[in-house]
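Taking it in order: structure first as structure tokens, then the write-up.
Side-chain atoms are counted along with the backbone in the values below, which use heavy atoms only and exclude waters and symmetry mates. Chain letters run A, B, ... following the sequence lines, proteins first and then strands; every chain starts at 1.
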There are 2 protein chains.
Amino acid sequence: MNKNTAVTIKDIANALNLSASTVSRALRGMPEIHPETRQAVLQLAEDMDYQPNQLAKNLVKSRTKTIGLILPTLSYHFFASMLNSIEEAAMQAGYSVVVCQTNESYLREVAQIQNLLHSQVEGVIMSLARDTSDFEHIYRLQRKNMPLVIFDRYSTDIDASRVIVDNHEAAFKATQHLIENGCQRLGCMAGPPHLLISNERLRGFKDALEHYGLPYNERYVFHNDFTQENTMMQALNMMSLPTPPDGILTMTDRIAFATMYAFKQKGIRIPEDVAIVSFNNEPTCIYLSPSLTSVNQPIQEMGAQVVRLLLKQLENDQPVVAETIVLSTQLMIRESSMVEGRKK
Amino acid sequence: MNKNTAVTIKDIANALNLSASTVSRALRGMPEIHPETRQAVLQLAEDMDYQPNQLAKNLVKSRTKTIGLILPTLSYHFFASMLNSIEEAAMQAGYSVVVCQTNESYLREVAQIQNLLHSQVEGVIMSLARDTSDFEHIYRLQRKNMPLVIFDRYSTDIDASRVIVDNHEAAFKATQHLIENGCQRLGCMAGPPHLLISNERLRGFKDALEHYGLPYNERYVFHNDFTQENTMMQALNMMSLPTPPDGILTMTDRIAFATMYAFKQKGIRIPEDVAIVSFNNEPTCIYLSPSLTSVNQPIQEMGAQVVRLLLKQLENDQPVVAETIVLSTQLMIRESSMVEGRKK
DNA sequence: AACGTAACCGCAAACGTTTGCGGATGATGT
DNA sequence: ACATCATCCGCAAACGTTTGCGGTTACGTT
């Protein structure tokens, strides 16, 4: 370990008959050091393979140059990709990121926040767990003036910067697409009932129905918990209603995958019997048969904006007002919703 | 930020007319403190919402309780899942993990290692980038006695602990499965030619052919760079050989997905025209049509073993010998390889 | 010859902890 | 009465940096 061998600024200072402060200044290229001595210091530092001790540096500057990222889970493509783009953007800015997963659990979320608080991250980025409906832990974070930005799964009860997509519009357009392609009885596979973005999408779904004069029926709306079993069961239940839907909007691709899987096993044809439009546009969508129509979210852009908003809070020391960036989406139309024959 | 308000051990000490050392000891429950004063300290710490400064603590103990994780990319399901399980296991042990992606680039790999060295992680876990064939940066890491464990993409030129699967055996069995299901002319979509695990799998493929007295032909082996375009092109090239293969082993699911996608567009039927067996067993495999036969790697177990090996090096201060754990795999048989009709 | 002024560098404090050592206090044994 | 010993606590150094302030040179100006 470097602890036993670690060469410090003092070692260099002693070897050169200088003071630690001079060496420190020389290493950082400050102007009040004679070029010759600077050169000597730099040379020796190189030779001795000097590595500055970040811990000490951090202590005096009270900065860690790390940000905490709290995610529901990494096994969803969307969140893994967000980590991907956030890490990228953070690295560009010289920050490193420590990841924590809540596994969709509220309790783990508060524990992880506690951890991050202790480990002196400079700011946190998060997306809410499926199960959290109480925000006291978030408020605690904010009371400590911890810079915070929330993306995707947010809540209006939290006054923090956020970057999201226009879920209402996206769902409206997706539903519109189904309707214009001939669907008449629309169903919706939604997420947990207290998850705001799911409800916004549901609202978009509803508004589209209303706009086109189609009936909205609660019985065609199912709230699931994102698990495959639950989803498959509900999907089959929906299709065994007296007059089953001929078009379904699902809140995530995972829900769509499970739904399609269930349908395939029961011989329900997509899109002939029922068309499907989904959210997230995972790469997998194009590989399925039929390929899956899905709403694309600009993940790269979201990641970039998220860290931009965080940096804004980090670099300015006077508190900056919460800002919300809403990005637009794009419906990627594929086979699962192409019901030309049914069109009227 | 907590920097302006932060309550320190000294604040507690002053308020209670104690010394900092006493407070420190009281907080950590050391025995030489009178129960009454300990109680008072604990109480006040609670009231003032004292949060120990990890930076200072780290400095004196020279420990950061963080480990660095270097991955090729997070957009492959396998690596995202490994991060998932590693983070889980690390958290159990009280460590947090900072992630870095190399994006498969050698240059980024050395840069990331440099970063980690500076940021004082206690150990690093990594899987090699596609493009790295020189290991000087790894040796540098080891010369600094940085605990290291490598998983999945390793190299025999690096003397470090590693956890891998038995790639040869897995490929052998996968190929065996194809042969026993009636395939006669076997092709292989391999990874980059210098990637060890790809070659081990290729060797397993070869040995299986030999074992069954089937010919091995270089022209039926393609090395790609993991990109979709490249893969699709090669896949089609392979099928336009004079006598195209009737069974293909692909090195990763991503390669298989792209291959199947290309075949679908050209009307090549799976498994009727050509059967496919792959590696990684991504969740997507079951959703495809046909569902994809794939080798499952025990990701949870791998993550657990990886951090176990790292912890072993971290907790023991006398250097521990490199250890290699090889886990076994499981072939998940699905539709893409079920060519009953062709069986003889 | 005296002075002002750069240019260059060192002292020491600070960041918030932990920890070896020793001091004060009171109790106990003789 | 004294020595012995536990118990409880404080002093100060240490971890490796950064930084305000001041000190020393050497040089050019008057």
Checklist entry - Would one find a side-chain N or O of A:Y50 under 4.0 angstrom from OP1 or OP2 of D:dT17? => result yes
Checklist outcome for this item: B/S/- along nucleotides 6-14 of chain C (protein heavy atoms under 4.0 Å) is --BBBBB--
Item to check | Qualifying side-chain hydrogen bond (donor to acceptor under 3.5 Å, both in side chains) pairs with a residue from residues 73-84 of chain A, counting only residues at least two apart or across chains | outcome: A:T73-A:S75, A:H77-A:S81, A:N84-B:Q101
Checklist entry - Do you know which two heavy atoms are closest between A:G68 and A:L116, and how far apart they sit? => result CA-CD1, 3.9 Å
Checklist outcome for this item: B:L27 and B:A45 have their tightest heavy-atom pair at CD2-CB, 3.9 Å
[X] [atom1] - [N] [atom2] separation (whole Å):
{"X": "A:K61", "N": "D:dT17", "atom1": "NZ", "atom2": "C1'", "result": "10 Å"}
{"X": "A:R28", "N": "D:dG16", "atom1": "CZ", "atom2": "C1'", "result": "12 Å"}
{"X": "A:N58", "N": "C:dG16", "atom1": "CG", "atom2": "P", "result": "13 Å"}
{"X": "B:Q54", "N": "C:dT17", "atom1": "CD", "atom2": "P", "result": "10 Å"}
{"X": "B:K57", "N": "C:dT19", "atom1": "NZ", "atom2": "C1'", "result": "14 Å"}
{"X": "B:L59", "N": "C:dC15", "atom1": "CG", "atom2": "P", "result": "14 Å"}
{"X": "A:M30", "N": "D:dG20", "atom1": "CE", "atom2": "C1'", "result": "11 Å"}
{"X": "B:L27", "N": "C:dG16", "atom1": "CG", "atom2": "P", "result": "15 Å"}

Next on the checklist: Check this for me: does any side-chain nitrogen of one of B:E136 and B:R143 sit under 4.0 Å from a carboxylate oxygen of the other?
Outcome noted: yes
Checklist outcome for this item: By side chain to side chain donor-acceptor pair (under 3.5 Å), A:Q39 pairs with (sequence neighbours left out) none
Checklist entry - So, B:S105 versus B:T102: side-chain donor-acceptor pair below 3.5 Å or not? => result no
Next on the checklist: For a quick check of understanding: with a heavy-atom distance under 4.0 Å over all strands, which category does A:I9 fall into, base, sugar-phosphate or nothing?
Outcome noted: sugar-phosphate
